[in-house]
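Here the structure is a predicted model, which is why all the values come from computation and not from measurement. Just so you know, residue 1 is the first one in the sequence shown, and it goes up from there.
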Amino acid sequence: MSGAKTEPRAWQRMLSGRRLDLLNPSPLDVELSDIAHGLARVARWNGQTAGDHAFSVAQHSLVVETIFRRQNRCNADECLMALLHDAPEYVIGDMISPFKAVVGGGYKTVEKRLETAVHLRFGLPPATPAALKAKIKKADRVAAFFEATELAGFSHAEATKFFGAPRGITREMIEIAPLPAVEAQRRFAERFTAIERERGALAAAV
């Protein structure tokens with residue numbers, strides 16, 4: 001009997017048929033269909049939200065991109081980076097901020113590698129530029145405020161303490177009612193396609 005140890009599996013099989021290496025992800029193994037499917041089935045707030053459906057990362061991403069567009073004059077590449085800002089979570093799930101702080105660097109390393117693979121797959125810079133990342137984070141915090149107060153049971157005072165008070169964005173501007181997973185998946189994929197169409201038109205005009 002061999003005493004050789006089997007290396008632990010470090011890849012995940014996707015519904016597209018791709019096998020994504022979690023430690024060294026290749027852009028060639030990243031598919032939009034897998035991202036949309038996965039994010040639509042990952043719950044924000046560990047699922048502790050009101051409603052008949054979980055509030056998914058796919059829907060959150062749509063909300064963030066909507067807020068980002070309202071707050072900034074942005075091009076299609078920037079909109080795509082906003083839409084994909086949480087894309088690694090289609091593989092590693094959504095971890096609430098307090099737990100991320102406990103886990104530390106290992107989680108961030110995997111997250112960063114996945115972000116790079118996703119960006120390269122869709123012709124974006126490997127990393128989101130710092131100034132743009134700050135703008136997306138601002139939109140992310142506004143989304144978190146409304147999610148916290150509308151869905152997760154936070155008071156306005158508590159949400160303001162953690163996420164800041166939203167300025168220039170109102171509840172009526174965003175779709176916050178939790179969607180069924182298949183609908184969130186469809187809308188995410190449709191928004192991605194619309195941005196890609198705009199990117200293609202701009203590239204053809206150059």
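No path of Ile, Leu, Val, Met, Phe, Trp and Tyr side chains, each step under 4.5 Å between heavy atoms, connects Leu120 with Met81, placing them in separate hydrophobic clusters.
In this model, a donor atom of one side chain and an acceptor atom of the other lie less than 3.5 Å apart for Gln185 and Arg41. For the residue pair Asp34 / Ser16, a side-chain donor-acceptor distance below 3.5 Å is found, with atom types taken as modelled. Checked by atom type, the side-chain pair Ser33/Glu31 shows no donor-acceptor distance below 3.5 Å.
The CG atom of Leu124 sits 10.5 Å away from the CD atom of Glu78 when rounded to the nearest 0.5 Å.
Here the options are Val63, Val142, Leu132, Asp140, the test is side chain to side chain contact (heavy atoms under 4.5 Å, CB included), and the partner is Phe68; only Leu132 passes. With respect to Glu115, the salt bridge (charged side-chain N to carboxylate O under 4.0 Å, His left out) criterion is satisfied by exactly one of Arg121, Lys108, Lys133: Lys133.
Other residues, nucleotides and ligands contribute more than 12 heavy atoms inside 6.0 Å of the CZ atom of Arg171.
Between the side chain of Asn46 and the main chain of Gln48, no donor-acceptor pair closer than 3.5 Å is present. Using modelled atom types, one side-chain atom of Gln59 and one backbone atom of Ala177 make a donor-acceptor pair closer than 3.5 Å. In this structure, Arg113 contributes its side chain and Leu23 its backbone to a donor-acceptor pair below 3.5 Å.
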Under 3.5 Å, which donor-acceptor pairs link side chains of residues 150-162 to any protein atom two or more places apart or in another chain?
unit_1: Ser155; atom_1: OG; unit_2: Glu158; atom_2: N; d: 3.0
unit_1: Thr160; atom_1: OG1; unit_2: His156; atom_2: O; d: 2.7

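Legend: ring-ring contact (aromatic ring centres under 6.0 Å, His included) pairs involving residues 14-41, not counting sequence neighbours: none detected.
The shortest non-hydrogen separation linking Arg141 to Gly164 is NH2-N, 4.1 Å. The nearest pair of heavy atoms linking Ala143 to Ile67 is N-CD1, 3.7 Å. Between Arg199 and Ala76 the shortest heavy-atom distance is CG-CB, 3.4 Å.
Note on Arg187 versus Glu190: no salt bridge recorded, every NZ/NE/NH1/NH2 to OD/OE distance being 4.0 Å or above.
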Checklist entry - Could you go step by step and tell me if Arg19 and Asp29 meet the side chain to side chain contact (heavy atoms under 4.5 Å, CB included) rule? => result CA-CA 7 Å; Arg19 292 205 311 184; Asp29 292 324; 5.8 Å; no

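Residues satisfying the ring pair (Phe, Tyr, Trp, His ring centres under 6.0 Å) test with Phe192, not counting sequence neighbours, are Phe122.
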